[in-house]
Structure formats: structure tokens, C-alpha cells
Amino acid sequence: MRRFTRDHLTAVLMLLPSLIFLAIFVYGFIGQTVYFSLTDWGRDPAQALAVRPERAFVGFDNYVRLFTGLLESRFRQDLVNLVFFTVFFIGGSLGLGLALAMLLDRGVAGEAFFRTVFLYPFALSFVVTGTVWRWMLQPQGGVNLLPTYLGLPPGEFEWITSRQQVWRFDWNLVPSITALLVAAVLLAIGWRAWRDLRRGRAVSFLTVGIALGAWALAGGPGVELLPFPERHGFNLALIGIVVAAVWQMSGYTMALYLASLRGIPEELREAARVDGASGFQVYRHVVFPLLGPITLSAMIILGHISLKIFDLVWSMAGPDLATTSVPALLMYIRAFRANQFADGAAIAVVLLLIVATVIVPYLWTSLRGEVRR
Amino acid sequence: MRRLLAILIAAGMTLAAANTVEIFSWWAGDEGPALEALIEGFEAANPDLTIDNVTVTGGAGVVAKAVLKTRMLGGDPPDSFQAHIGKELIDTWVIADRMEDLTFLFEEEGWLDVFPPDLIDLISTSEGIWSVPVNIHRSNVMWYVPAKLEEWGISAPETWEEFLVVCPAIQAQGVTPLALAENWTVQHLWESIALAALGPDDYDRLWTGELAFNDPKSVAAFELMNDVLACANADAAGLSWQQATDRVVDGEAAFNVMGDWAAGYMFTTLGLEPGTGFGWAPAPGTDGIFMVLSDSFGLPLGAPNREGAIEWLRYIGSLEGTDTFNPIKGAIAPRTDTDLGKYNAYLQSAAADFASDRQVGSLAHGTVANENFMSTFAQVMEILLDTGNAQAAANAAQALALQTGVGR
């Protein structure tokens, strides 16, 4: 047992204020939001904005309604939009950022100039980006007029106002799809454990993975979300939003990658070349593996920006355009326009859980890494 | 010396606070000058009071209302705030017990005799009268440019059936028959079409819960809406209502259904002459019916400067106040004893219609349904725009009406 020293006391006292503030203003309010999401606050208009509203506890009613209610199809499409937006936004930003970084890394003349140019969009607020791109993506002007400068007919795509939807699927398949994805992850972990000769661990992961996969492939018996098929898919209107978001954030990923590329010792590349590796092989086997950690960090940073996206969509498409809507917008509308504060809180909690599934594993692995060191 | 200065400043601030009336509204931009004229008139009439004019911009108050709600929930009400008359006032603020009864003011000022009884009904419950209306707008108006119609060889249709007949002819000339903008203007169009398809009695029965949204009569309204939408521009979702009006003015579109603030926009901002620069007619099939919406100011309980706020309400309800505000705002006065000479040609015709027409309330502007229904009705419009399935949209509307307690 170590003695409690003056040092410990100082440390505790120094940490105490921030601990108290965090406890109240972060975790306290998260707890309050979770509580509100389990009540009926707002359903009775007389209580919605009362000085001391009476809120009845209704359990998971609001969540059940969001995922299975007839009128809440917008929430479900918003979730689908969010997934597609996140995938394309992260993919686009990483790809473009990496490409720009690799080009600059080759020692272009005026590199500092280009670096600044590519970084500038990052300094703008999403509202500014959104407004500018909203103008540029007007169907009858802006980007669609570019081909006319080359003597071609103007573009026909309606960008944000498009109502086309592709890759449609039935919402009732979501549990099965989710189960399949989870099963795939479990099987991958199990397979690795098997390879590393940790048989006990491998068997348990593989068994659960196979069972889950089998349940999903059987069509997810026992779970029916909706009594009728409800089509959701990728709204092409989102492409415009993705373009604007990638334009804004790819300079940032470029900076991350450039720093990381500069950190790779020249000796490593030289050694690879001496061994007879081609330019492509140097990248494939030396550079890219060393960029792994920074890619993970970039994905986490972009991921949580993307999952919480609100201002960009608001300024580009407005809050009411369902084709480009995301849950954060709906949360605002339900709470502050329709006075359904409990619904708003439930959407907020769903968003928190989604962000947590991205952040927590990352924190967990990086913290464990630090302890080991 | 420094201390003396500090005391003086502190004293000055308390003095200023006591004589400041904080007014919360969404009237900035195109609508700002009318409010400023009203404030100027008020301050001239009450030299000891100054107005703290707090505005949050955004069409139809979408952002301002959210800011107001956070302030009210946080226990920081302004002295007086703007609210649409009807359910938006009653079902949001009055039933939550947030407002002060203004019956005494109506009695003191004799307003019970000069405001039309139908209008007073919309701001009253059995417990009292809850706000002071400052203007009257009409929702069901169709706008066009007379010279352009002549050029295309068409006239303003009197029914939607007529409109659907001329629609292909207009399209053949490369012109959009109907200019439409973002989602709320679709809702705005819907209320005019529903009124035409159902007639005023059945339209009213929708809001008392006596007529279901999925009744065959109502479904017919959604079907008519569907046909009309086929004549509208495809890029509507990206436009503001002003841009849709611009399309009509520029000759890219033939007609536009919008509230009569569009007249204010064309007259004041674009400088067009009513009757020649732009023309108007009741939305097809709604002749003789006046779909009302109106802005009003109320007195929240716990207003920091209650006395000042009462003086403000007294002024905006007075003849001088309404006739200062409305000619600039492009609205007609809620009072029956107004001086029509101060108003332009459009407003004079609207005032005549208001006095003689049958009145019904607007959905998109908060008169007939609570905010939950009104806000989520956007989802019903999206279902119609997305699928073109009138029955599905009608079913969703009925489910929504049951869930939000319309007519309860």
C-alpha cells in the first residue's frame, strides 16, 4: 500500500475542477437526455413547453416507434443517408488527401503554395462551404454549365434536388444485414486467433459468428420490423453534399498524410529500391503499411465529423428536404419545431451510440497500447 | 473618480434596462423596414421607452421559433414575441400556460369592436384573449405577369381543371406552368388545392377531426395535388420562395401560388406596379374564400418589463400602429376602421375580399393545426413528391392527425 503524499493531493485537487465540470456538463446531461428519451415529453402539447412539464416514463416506446413506426420512415431514411454519406465522405477525403499528399511529396515546384491552397477550404466553416456549393450546384447554373465552355451541352444532373434513389433495399432486411456484418467481423477475429494458435478464443468467436451468420442467412426469423416492405436506398442528391464535404476536408487529410510521408525514413525506401522494388512496389509494401496508424486516426476524426453532420446539410439543402436529411437535422426539427422533445432526445441517444461504436474501440485499443508501453 | 464613473455606468444601465422593451421576431431582411417603422412610431409616441429589437432571420420564423423555445424553457422570456395566430399561438404557448390574458387591453382600447369577431376567435380560448394581431395575410393567391400571359395566349385559370388543360400548352412554349420552391411552399400549395377540392366546409372539417384525411374526398385532393405537381419545376427543392416568384417575373414560369407577402416583395423589393407589373387572382377554385394567416404579438408570463410590453401592444394594435406597419409590410390591417388610402392597389382589393369573403385558416402558417402536425406534414408532402402515391400520402396524413391529436 502506497502512502498518500502531498503530491497525490495536489494531483487530485488539480484534476477535481475539470472532473466536476465533466461530470455535470457532459455525463450529467447525457444522463438527462437518456432519461428524457424514455419519457413522453411533448406528446401532450400542454406539457411540452410548460414551466414545470409533467413527463411520464414510457420505457423504450420512442425508440420502438422510430425504428418501426409508420410515420417515422424519414428517420430510417436519414440513418441510411448517414451511412452512405459517411462511407463516401471518408473514402473520398482519404483517397483525395492521399493522392494530393503523394503528388506534393514528390517535390513539386511551389509545394508550399499548393499546400496552402489545398488546406484553405479546411479553414472555412461548413456553413460557408455549404452556401457556396449550394450556388454552384444549382441545376441550371454553376457546375452544370462547365461543359458549355468546351462546346458541350450543359450538364443534366439535378444535384441536390435530384429525387433518384439507387441500391434500394427493404428496411426489414436491416437486422439480417447488420447480423451478417457483425458475423463477418467475428469470423475474421476468430480466424486470426486460430492462425495465432489461440484455439479456445478462436472456437468461441467462430461459433458465435457462424450462428449469427446462419440466423441472418435464414432471413432473420423472429424479428419483423414492419408489417410491409419499406424501400430505402442511396439518394443521388447526397452526391452534392459529399462533394462539398470532401472538398472541405481532403486538404486536412492531405496535411496528415504529408506529415506522415515525411516521417518515413528515406533509408527504408532506398533499401526497398536496392532490393529491386518498382515505384509501385515501394508504395505497396513500404509506404502504405507505414501510413496505417495515421489512416486510422483520420478515419476516426472524419467519422465523428460525418456522423454529427448538421450545418453543411442545413446550408446546402435546408432542413426539410428529406432526400438529403440526416438524423441530426431530424433531431433538431422534432425537438424544436414539432415540440417533441422526447423524440429529439431519443434520436440524440441513437446518434451518441453510433458515434460511440466508432470511437470507443479506438480509444480502447489506443489506451491499452499506452498501458503496455 | 474611477469609482464614481463605475457607479454612474451601473446606474445608467439599470435605468436603461427599466425603460427597454425587448421585442422578439423574425422580421429582418425584406420585412425589416416595416418593423423599424413601427418601432420608430412607438418610440416617438413613448419617449421614455426604447425598443430592443431582437430578430432571428429565417423564412416563416423557422429558426426564430427554435431560439424562442430555448429561451422560454430556460426561463428567459422576451417582453413580447411574434407568433402566428391560431393553433401555433394557442396549442404551443397558451395551453402550456405561458401567456398573460390580454382581455383587459382589448376592453380598454375598444378593440372588441374594431377587430373582426372571426379573428378574435382565432386568438382566444374560453379563458381569455392571448395576443394582438398586427396584420392579415392571404395564403390562397395565384400570381402572374399579365403581359406575359397575353404573349403566350392564355388567361389565369379559374379552376385547377382549367389549369391542367392549359398546362401542356404552356409547357409546349418552353415555360414552366407553375413555379414551386422548397418544401414548405409545397405545403402552402397543398392547402390551396385542398381548399379547392374540398370546398370551405369540408376543409374546415379536416381540422375539427370530422373529415378524415384518407376519406375518398380528401384522397381526391391529394390526387389533384399530384396532377398539379406534374406541371411544376423539377428543381423546386433548391429554391427559396422569392426565387420561385422571380421565375414568374422573369417569364420563365407562368404562375405561382404564394401568400400575398409576394405582393410586398414584387412591389417594394422589385419595384413592380400592382395590376400591370404583376397580376393576381384567387388560387384556382377558391374564389370567394379568404385563407387567413396573421402575425401577432403576445405578452409572456414573467416578462421582465411587463408595463413596457403592454404599451408596445397598445401601440401596435392602434390605428396609427397598423397603418404605419402594413402598407410597408405588404399586408392588410386586422382592423376594420383602417384608412385604405394608405394602401396600394393589391392591398385595397385584398381588404375588400377580406371584408366580404368566407374565411378559413392556413395550415402551413400555423392557423389550423398544432406545430407537431404542421412540422411533420412536411413528411407527408415528401411521400407524395417521392412516390406520387396519393393514397399513401393520405394514409400518412391521417395517421399523423391521429397521433398529434388534430381536432382534439
Side-chain angles (χ1 to χ4, degrees), chain A residues 41-53 65 69-75 77 134-135 137-142 144 156 158-165 228 230-231 235 237 240 314 316-325 330 332-341 343-344, chain B residues 58-59 61-63 65-70 72-73 75 87 90-98 181-187 233-240 243 252 301-302 370-383 385-387 395-397 399-400 402-405 408:
Chain A
W41 188 17
R43 229 172 285 171
D44 176 4
Q47 297 303 328
L49 284 153
V51 178
R52 283 180 219 296
R65 194 158 33 78
L70 167 72
L71 280 173
E72 303 293 347
S73 63
R74 171 161 173 188
F75 170 73
Q77 179 60 43
R134 177 188 184 140
W135 293 335
L137 296 180
Q138 285 290 323
Q140 297 179 351
N144 275 359
E156 293 283 315
E158 290 179 327
W159 295 106
I160 298 164
T161 54
S162 162
R163 288 199 172 268
Q164 273 172 282
Q165 200 178 51
F228 49 87
E230 183 180 276
R231 301 273 156 203
N235 289 322
W314 179 292
M316 283 187 82
D320 289 313
L321 187 61
T323 44
T324 57
S325 177
L330 189 65
Y332 173 86
I333 290 175
R334 299 292 289 163
F336 292 110
R337 221 196 268 170
N339 305 336
Q340 301 302 302
F341 296 105
D343 286 0
Chain B
V62 280
V63 189
K65 286 181 212 163
V67 174
L68 178 65
K69 282 168 197 169
T70 54
M72 295 291 275
L73 283 172
K87 296 284 183 185
I90 306 288
D91 275 8
T92 300
W93 298 115
V94 175
I95 60 169
D97 204 14
R98 288 288 196 161
E182 57 192 310
N183 189 301
W184 74 263
T185 70
V186 181
Q187 219 175 112
N233 46 322
D235 62 348
L239 304 181
S240 65
Q243 285 173 306
E252 290 170 44
L301 287 170
N370 60 50
E371 285 193 296
N372 191 5
F373 182 91
M374 180 181 137
S375 150
T376 318
F377 197 72
Q379 174 64 25
V380 174
M381 291 293 101
E382 285 292 332
I383 292 175
L385 289 166
D386 249 359
T387 64
N395 289 345
L400 178 62
L402 293 176
Q403 188 180 310
T404 58
R408 213 167 38 208

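Letters A, B, ... are given to chains in the order of the sequence lines, protein chains preceding strands, and every chain is numbered from 1. None of these values were measured; they are calculated from a predicted model.
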Sequence neighbours excluded, which residues qualify as ring-ring contact (aromatic ring centres under 6.0 Å, His included) partners of Trp41(A)?
->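 With sequence neighbours excluded, Trp41(A) shows a ring-ring contact (aromatic ring centres under 6.0 Å, His included) to Phe36(A), Phe341(A), given in chain and number order.
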
Spatial distance of atom CZ (Arg337(A)) from atom CE (Met374(B)) [nearest 0.5 Å] =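 The CZ atom of Arg337(A) sits 7.5 Å away from the CE atom of Met374(B).
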
Say you draw a straight line from CG of Asp386(B) to OG1 of Thr323(A); how long is it, rounded to the nearest 0.5 Å?
->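 Rounded to the nearest 0.5 Å, the CG-OG1 separation comes out at 7.0 Å.
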
Run the numbers on Tyr332(A) and Val63(B) for side-chain contact (heavy atoms from CB on, under 4.5 Å), then give the verdict.
-> CA-CA 10 Å; Tyr332(A) 173 86; Val63(B) 189; 4.3 Å; yes

Residues Val51(A), Met72(B); criterion side-chain contact (heavy atoms from CB on, under 4.5 Å); working and verdict | CA-CA 8 Å; Val51(A) 178; Met72(B) 295 291 275; over 6 Å; no

Backbone N or O of Leu385(B) within a donor-acceptor pair of the Arg163(A) side chain at under 3.5 Å?
->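 Between the backbone of Leu385(B) and the side chain of Arg163(A) there is no qualifying donor-acceptor contact (under 3.5 Å).
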
Would you mind checking which part of [X] comes under 4.5 Å of any heavy atom in chain B, side chain (CB onward), backbone (N, CA, C, O), both or neither?
| X | result |
| --- | --- |
| Arg52(A) | neither |
| Glu158(A) | side chain |
| Trp314(A) | side chain |

Passes side-chain contact (heavy atoms from CB on, under 4.5 Å), Leu73(B) versus Leu49(A)? Steps please.
-> CA-CA 7 Å; Leu73(B) 283 172; Leu49(A) 284 153; 3.8 Å; yes

For a quick test of reading the model, state the closest non-hydrogen atom pair linking [X] to [Y] and the distance between them.
| X | Y | answer |
| --- | --- | --- |
| Ala237(B) | Leu321(A) | CB-CD1, 3.4 Å |
| Gly238(B) | Arg134(A) | O-NH2, 3.3 Å |
| Leu70(A) | Ala399(B) | CD2-CB, 3.9 Å |

Would you sort out whether Glu382(B) and Gln77(A) count as a side-chain contact (heavy atoms from CB on, under 4.5 Å), showing the intermediate values?
-> CA-CA 12 Å; Glu382(B) 285 292 332; Gln77(A) 179 60 43; over 6 Å; no

Under 4.5 Å from a heavy atom of chain A, the part of [X] involved:
| X | answer |
| --- | --- |
| Gln187(B) | neither |
| Gln379(B) | side chain |
| Asp235(B) | both |

Of the listed residues (Leu137(A), Asp320(A), Asp44(A), Ile160(A)), which shares the most heavy-atom pairs with chain B below a 4.5 Å separation?
->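 Heavy-atom pairs under 4.5 Å are most numerous for Asp320(A).
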
With Pro45(A), the side chain to side chain contact (heavy atoms under 4.5 Å, CB included) member among Thr404(B), Ile95(B), Thr92(B), Asn372(B) =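 The side chain to side chain contact (heavy atoms under 4.5 Å, CB included) with Pro45(A) is passed solely by Ile95(B) among Thr404(B), Ile95(B), Thr92(B), Asn372(B).
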
Between Val380(B), Val67(B), Leu400(B), Asp97(B), which shows the greatest number of heavy-atom pairs under 4.5 Å with chain A?
->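 Most heavy-atom pairs under 4.5 Å with chain A: Leu400(B).
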
